[in-house]
Visitor: 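Sharing a structure with you now.
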Amino acid sequence: CSPQLIWWGPKRGIYPKFESVALEVCTSTMLELKECADEERGKGYLMSCLVDHRANITERQCHQYITKMTSIIFSDYRLICGFMDKCREDINTLQCGSIAVGEKDLHSQGEVIACLERALVREAEQKDKAHQIKDECKKAIMRVAELSADDFHLDRYLYFSCRDDRERFCEHVRVSFSNSFLSSMHTCRNALTTRQKLIAQDYKVSYSLAKACKADLRKYHCNPDTSMPRAREARLSFLLLCLESAVHRGRTVTGDCQGEMLDYRRMLMEDFSLSPEIVLVTRGDKGTVDNLCQTALQTLIQSADPGADYRIDRALNEACESVIQTACKHIRSGDPMILSCLMEHLYTEKMVQDCEHSLLELQYFISRDWKLDPILYRKCQNDASRLCYTPGWNESSELMPPGAVFSCLYRHAYRTEEQGRRLTRDCKVEVQRILHQRALDVKLDPELQKRCMTDLGKWCSEKTDTGQELECLQDHLEELVSNCRDVVGNLTELESEDIQIEALLIRACEAVIQSHCHDVADNQIDMGNLLECLVQNKHQREMNDKCAVGVTHFQLVQMKDFRFSYKFKMACKEDVLKLCPNIKKKADVVICLSTTVRNDTLQDVKDQRVSLKCRKQLRVEELEMSEDIRLEPELHDACKKDINKFCSSVAYGNAQIIECLKENKKQLSQVCHQKIFKLQETEMMDPELDYQLMRVCKQMIKRFCTESDAKNMLQCLKLNKNSELMDPKCKQMITKRQITQNTDYRLNPVLRKACKADIPKFCQSILGKASDANELEGQVISCLKLKYADQRLSGDCEDQIRVILQESALDYRLDPQLQVHCRNEITRLCAEEAAAQEQTGQVEECLKNNLLKIKQDECKTEVLNMLKESKADIFVDPVLHTACALDLKHHCAAINPGRGRQMSCLMEALQDKQVRLQPECKRRLQDRVDMWSYAAKVAPAEGFSDLAVQVMTSPSKNYILFMIALAVSLLFLVGLLCGRITKRVTRELKDR
């Protein structure tokens with residue numbers, strides 16, 4: 001009966017027969033469905049309307065009848081109302097089967113519909129290359145697909161293709177198209193794929209989706225506009241975007257609808273061919289992704305919205321299942337925070353390679369549209385609308401494309417209160433989270449990858465490890481093209497404010513952060529404090545190599561531009577613009593500002609040109625730069641060859657290279673030597689910049705110098721150097737600095753200031769030979785020592801020279817001239833005393849005792865000068881002072897020290913037989929008398945002034961002066977008594 005009915009129907013006019021029966025069994029239904037009652041009779045429109053509304057038919061007989069008729073109608077496309085008229089030409093052109101009435105067709109009737117559906121899909125995927133189906137036929141095809149959507153039996157071709165697979169896989173499942181996409185057979189799979197592609201073009205082809213979301217579509221105005229073409233509004237992607245927009249805005253979408261949306265979002269992600277835009281633009285060369293393709297993929301990702309539920313991306317879900325179970329098990333399955341959790345564990349031990357690849361592939365697209373991160377969108381949509389004038393979730397704007405919105409947000413995230421228009425707290429937290437995640441890989445920063453693609457290939461092709469690409473770009477900042485340099489500079493500037501953006505660095509530094517920086521790390525607003533803390537604790541035992549290298553790298557990058565140091569930039573921005581315009585490099589800016597501060601200080605300027613807050617931060621920058629020679633580019637460049645020659649085995653950091661260069665200063669090249677000398681001069685003026693001194697003596701400074709000014713720190717340490725509580729390492733470091741100071745008066749700012757008038761007055765001949773590149777090897781200080789012995793120095797200068805004499809008398813190494821001229825004699829005569837290094841003056845005493853055995857004249861002169869100096873003050877002769885300490889207290893307590901007064905007192909006591917001196921003191925004094933006598937013979941006075949000084953400083957000064965006065969008096973008396981020896985001349989002769 002069925003074949004006869006099929007062929008007879010179109011010929012005899014079966015529609016009136018169907019309609020007459022329908023009017024009999026559907027009486028009440030016709031009253032309810034007024035739109036069907038109004039349809040024209042005899043042409044099949046009534047049956048078409050009833051079939052369309054069969055889900056709403058409650059009348060039992062009517063429903064049964066319409067269901068049976070639906071099966072009959074869909075068994076032959078020629079029975080479908082108007083289908084023949086609309087699609088006759090396309091069927092013939094596409095050769096989809098015979099349409100001659102009564103002619104037996106070799107093709108099944110379902111195959112004709114399937115052929116048209118495949119042609120419709122091809123047209124969408126190939127555009128101009130495929131046959132263009134007429135619009136009225138397209139509508140008819142899609143209408144047939146919609147009407148057959150609720151029961152796959154109605155799609156004859158799909159039914160016969162998948163009949164066996166349905167019995168095998170879905171025996172106990174109620175059939176609908178939403179749950180029938182699971183076949184494995186090739187023919188069935190192709191039929192299902194065609195049906196899926198039709199659904200992608202018109203969501204109503206999916207009965208379950210259209211039914212579940214009908215109310216939500218109407219509620220959120222997602223229904224197609226009847227006055228507009230249905231091509232866009234009917235698309236599955238449009239429906240998903242519209243409903244997802246409602247969800248992201250916090251609106252309610254029914255559970256059934258969300259379940260259907262989830263299925264179809266997963267379907268789109270699993271098969272790219274369901275998105276005709278992607279198929280259309282990927283037919284070119286493989287391996288290349290042009291802008292059209294990327295746009296199509298971006299649209300697909302937005303439609304599927306895997307950011308809201310990672311399970312939509314089956315590849316990601318399967319690849320990351322083990323990671324989620326271990327690292328993210330505390331988060332509910334399907335929660336958007338799962339993706340964030342995975343990103344936090346990217347490049348960690350818990351991450352597996354497959355998951356890493358899938359995650360980066362998805363994040364590549366999410367990072368290019370801020371709306372695809374649901375948490376970011378939820379927390380920042382109001383801020384984005386207020387500050388960045390963004391459109392709705394499923395809308396676009398040429399003025400503010402999706403990729404530009406996040407840039408706008410992070411610019412406002414780091415604004416100060418004074419700058420205004422800041423983000424809300426919750427939004428800023430999310431922006432910071434995204435920045436931290438993007439820093440893991442340059443591909444996740446769209447702007448950076450876009451502008452720096454050429455430079456990445458040119459400079460960083462071999463830097464493929466985690467985080468190396470950005471570091472490479474920062475290292476080559478000056479060589480980058482301007483667009484890339486700007487974006488790298490902006491990112492580096494942002495990192496300086498919030499170093500936590502550098503997620504890899506923060507992971508490497510976790511131990512030191514927990515131990516020393518947890519307070520600043522926990523702050524919501526960083527403001528550069530965490531980086532400063534890491535720099536200050538760079539040499540703690542918790543600091544590992546990775547963290548130290550990362551922190552040092554960032555310090556080196558900061559030297560390229562002062563803006564890369566956030567705290568320095570904020571504190572000194574106005575001062576730089578005013579005092580150091582057109583200077584960009586941080587090292588040059590620091591030198592410029594510190595020079596200005598020093599000049600104002602030396603000139604006692606009342607109102608310093610550099611602001612107080614800038615001076616404070618400038619001090620921090622100077623201290624940081626002193627830690628590593630690489631942070632002082634001029635010094636590093638000048639000394640590169642010397643570093644390779646003398647310090648190749650010394651590690652950078654802790655100022656070790658600088659200390660090595662200081663120790664080898666005499667062998668350095670002239671340029672490097674000059675830079676090191678200038679550095680030492682600066683450090684002596686401001687000891688806090690001497691990193692090694694401050695590091696080694698840190699505890700001793702806390703013990704002895706808590707109340708001392710930073711610039712007097714070395715002076716304080718010197719005063720406490722011989723304390724029993726002094727740390728040996730610190731004492732050794734202080735001695736090193738004393739030796740350095742005594743090589744040139746310019747390295748001793750206290751002496752330089754005290755002897756400002758004395759040095760040019762007495763030592764001009766030495767100053768004339770001085771140069772910036774070479775030290776004077778203690779010549780000026782030796783000159784001042786001699787004048788001290790002659791008692792010709794000013795009071796302030798005399799006090800400083802006395803201190804130097806006292807220090808060098810205990811340690812011969814503090815006397816550069818003695819060390820230079822007596823090196824061989826010390827080795828030959830006093831090797832045992834020199835090896836002891838007790839700093840008690842034993843080497844000097846040995847040289848004095850062996851004065852007659854000294855062969856080198858220069859050395860003998862230095863020893864004689866020591867003897868001469870000791871006559872001026874007993875304090876500069878520590879051996880004698882120690883031996884006579886009790887006698888000084890008993891016999892010379894009332895006599896002020898200095899100018900040889902206490903020495904004269906002891907000598908008078910030695911000559912006074914009634915005074916009993918300590919045996920050791922008496923022996924030492926007698927030895928000194930003998931030495932002085934020998935010195936007077938070996939080095940007689942060179943002029944009247946020296947003779948007068950020797951008389952005044954002699955222990956027998958009173959006796960000598962008495963004899964001189966007696967001689968002058970006798971001469972005067974002889975003149976009075978004996979008259980004039982010359983011949984008298986009369987007055988007249990005189991007046992002639």
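Throughout, residue positions are numbered sequentially from 1 according to the sequence presented. These figures come from a predicted structure and were not determined experimentally.
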Visitor: Should the pair Arg438 and Phe406 be classed as cation-pi, given the thresholds of under 6.0 Å to the six-membered ring centre and 45° from the axis?
Guide: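 The answer is yes; both the distance and angle limits are met.
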Visitor: Using a cut-off of 6.0 Å, state whether more than 12 heavy atoms not belonging to Lys665 lie near its atom NZ.
Guide: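 Yes, NZ of Lys665 has more than 12 neighbouring heavy atoms, counting only those of other groups under 6.0 Å.
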Visitor: Using 0.5 Å steps for rounding, measure from the CG atom of Asp498 to the CG atom of Leu531.
Guide: 10.5 Å
Visitor: Does some side-chain heavy atom of Cys572 sit less than 4.5 Å from a side-chain heavy atom of Leu593?
Guide: yes
Visitor: Just wondering, do Val488 and Asp455 contact through their side chains at under 4.5 Å, heavy atoms?
Guide: no
Visitor: Has Ser385 got a side-chain atom pairing as donor or acceptor with Gln381's backbone, closer than 3.5 angstrom?
Guide: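 No, the answer is negative, given that no donor and acceptor are paired below the 3.5 Å cut-off.
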Visitor: Is Ile643 close to Ile629 at the side-chain level, that is, under 4.5 Å between some pair of heavy atoms?
Guide: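 Yes, side chains in contact.
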Visitor: Any Lys/Arg nitrogen of Lys645 or Asp642 sitting under 4.0 Å from an Asp/Glu carboxylate oxygen of the other?
Guide: no
Visitor: Give the intermediate values and the outcome of side-chain contact (heavy atoms from CB on, under 4.5 Å) for residues His345 and Cys341.
Guide: CA-CA 7 Å; His345 290 86; Cys341 173; 3.8 Å; yes
Visitor: So, the side chain of Arg630 versus the backbone of His636: is there a donor-acceptor pair under 3.5 Å, distance only?
Guide: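 Checking the backbone N and O of His636 against the side chain of Arg630, no donor-acceptor pair under 3.5 Å is found.
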Visitor: Between Asp383 and Leu409 (side chain of the first, backbone of the second, donor and acceptor by atom type, cut-off under 3.5 Å), is there such a pair?
Guide: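 No; zero donor-acceptor contacts below 3.5 Å.
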Visitor: Report yes if some heavy atom in the side chain of Phe554 is under 4.5 Å from a heavy atom in the side chain of Thr492; otherwise report no.
Guide: yes
Visitor: Could you tell me whether Arg609 and Asp600 have a side-chain N and a carboxylate O separated by less than 4.0 Å?
Guide: yes
Visitor: Please output the side-chain donor-acceptor pairs of residues 583-592 that fall under 3.5 Å, not counting sequence neighbours, one pair per line with the distance.
Guide:
{"unit_1": "Lys586", "atom_1": "NZ", "unit_2": "Ser565", "atom_2": "OG", "d": "2.8"}
{"unit_1": "Lys586", "atom_1": "NZ", "unit_2": "Glu621", "atom_2": "OE1", "d": "2.5"}

Visitor: Quick one: do Val551 and Ile499 satisfy side-chain contact (heavy atoms from CB on, under 4.5 Å)? Show the steps, please.
Guide: CA-CA 10 Å; Val551 173; Ile499 194 61; over 6 Å; no
Visitor: May I ask you to say whether Arg746 pairs ionically with Glu681, meaning some side-chain N is under 4.0 Å from a carboxylate O?
Guide: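 A salt bridge is absent here (no side-chain N lies under 4.0 Å from a carboxylate O).
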Visitor: Would you say the side chain of Glu624 lies within less than 4.5 Å of the side chain of Phe568, judging by non-hydrogen atoms?
Guide: no
Visitor: Could you tell me whether Lys675 and Glu634 have a side-chain N and a carboxylate O separated by less than 4.0 Å?
Guide: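 Judged by the 4.0 Å cut-off on N to carboxylate O distance, Lys675 and Glu634 do form a salt bridge.
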Visitor: Does any donor atom in the side chain of Asp475 or His553 lie under 3.5 Å from an acceptor atom in the other side chain?
Guide: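 Per modelled atom types, Asp475 and His553 side chains form a pair under 3.5 Å.
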Visitor: Side chains of Leu456 and Glu469: closer than 4.5 Å at any heavy-atom pair?
Guide: yes
Visitor: Atom CD of residue position Glu510 - does it have more than 12 heavy atoms of other residues, nucleotides or ligands inside 6.0 Å?
Guide: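 No.
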Visitor: Whether Arg619 and Glu688 form a salt bridge (side-chain N of Lys/Arg under 4.0 Å from carboxylate O of Asp/Glu) is what I want to check.
Guide: yes
Visitor: Quick check: do Gln302 and Leu372 have side-chain heavy atoms less than 4.5 Å from each other?
Guide: yes
Visitor: List the atom pairs, donor and acceptor, that lie under 3.5 Å between side-chain atoms in residues 511-521 and the rest of the protein, sequence neighbours left out.
Guide:
{"unit_1": "Ser515", "atom_1": "OG", "unit_2": "Ala511", "atom_2": "O", "d": "3.1"}
{"unit_1": "His516", "atom_1": "NE2", "unit_2": "Glu542", "atom_2": "OE1", "d": "2.9"}

Visitor: Checking side-chain polar atoms at under 3.5 Å, does Ser340 have a donor or acceptor matched by the opposite partner on Arg433?
Guide: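 Indeed, the side chains of Ser340 and Arg433 share at least one donor-acceptor pair under 3.5 Å.
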Visitor: Indicate the atoms forming the closest heavy-atom contact of Met733 with Glu659, along with that distance.
Guide: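 Between these two residues, the closest heavy atoms are SD-OE2, 4.2 Å.
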Visitor: Quick one: do the Ser496 and Gln558 side chains pair a donor with an acceptor below 3.5 Å?
Guide: no
Visitor: Taking the side chain as every heavy atom from C-beta outward, state whether Thr601 and Gln608 have any pair of such atoms under 4.5 Å apart.
Guide: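 SC-SC contact between Thr601 and Gln608 confirmed.
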Visitor: Is a side-chain donor or acceptor of Glu497 paired with a backbone partner of Leu494 at a separation under 3.5 angstrom?
Guide: no
Visitor: So, for Met351 and Leu359, which heavy atoms are closest and what is the spacing to 0.1 Å?
Guide: CE-CD2, 4.2 Å
Visitor: Nearest heavy-atom pair of Thr682 and Leu689: which atoms, and what distance?
Guide: CG2-CD1, 3.9 Å
Visitor: Is it the case that over 12 heavy atoms from other parts of the model lie below 6.0 angstrom from the CD atom of Glu478?
Guide: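 Correct, the count exceeds 12.
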Visitor: Kindly determine whether Asp445 and Leu470 satisfy side-chain contact (heavy atoms from CB on, under 4.5 Å), including the steps that lead there.
Guide: CA-CA 11 Å; Asp445 192 323; Leu470 179 58; over 6 Å; no
Visitor: Can a side-chain donor-acceptor contact be found between Asp441 and Tyr347 if the only test is distance below 3.5 angstrom?
Guide: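 Yes.
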Visitor: According to the interplanar angle, ranging from 0 to 90°, do the rings of His476 and Trp459 count as parallel (below 30°), tilted (30 to 60°) or perpendicular (above 60°)?
Guide: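 Rings of His476 and Trp459: parallel, as their planes differ by under 30°.
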Visitor: Test your reading of the model: is there a side-chain donor-acceptor pair from Arg485 to the backbone of Leu480, 3.5 Å cut-off?
Guide: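 Checked: pair present.
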Visitor: What heavy-atom pair brings Met337 and Ile375 nearest, and what distance separates the two atoms?
Guide: SD-CD1, 2.8 Å
Visitor: Please confirm whether the backbone N or O of Ala413 pairs with a side-chain atom of Lys428, one donor and one acceptor, at under 3.5 Å?
Guide: yes
Visitor: For a side chain to side chain donor-acceptor pair (under 3.5 Å) check, start with the C-alpha distance between Gln692 and Lys736, then their side-chain angles and the critical distance, and finish with the verdict.
Guide: CA-CA 11 Å; Gln692 275 284 4; Lys736 278 187 178 181; over 6 Å; no
Visitor: Walk me through it: do Asp313 and Ser358 pass the test side-chain contact (heavy atoms from CB on, under 4.5 Å)?
Guide: CA-CA 9 Å; Asp313 189 338; Ser358 298; 5.8 Å; no
Visitor: For a quick test of reading the model, state the closest non-hydrogen atom pair linking Lys546 to Ala508 and the distance between them.
Guide: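 Shortest heavy-atom contact: CB-CB, 3.9 Å.
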Visitor: Can you confirm whether the side chains of Lys538 and Asn654 place a donor and an acceptor under 3.5 Å from each other?
Guide: no
Visitor: Are there more than 12 heavy atoms of other residues, nucleotides or ligands under 6.0 Å from atom CG of Asp545?
Guide: no
Visitor: Which one of Glu447, Gln449, Gln298 satisfies the side-chain hydrogen bond (donor to acceptor under 3.5 Å, both in side chains) criterion with Arg368?
Guide: Gln449
Visitor: If you count the non-hydrogen atoms of other residues, nucleotides and ligands that lie under 6.0 Å from CD in Glu574, is the total more than 12?
Guide: no
Visitor: For the residue pair Phe564 and Val557, what are the closest heavy atoms and their distance?
Guide: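 That closest heavy-atom pairing would be CD1-O, 3.4 Å.
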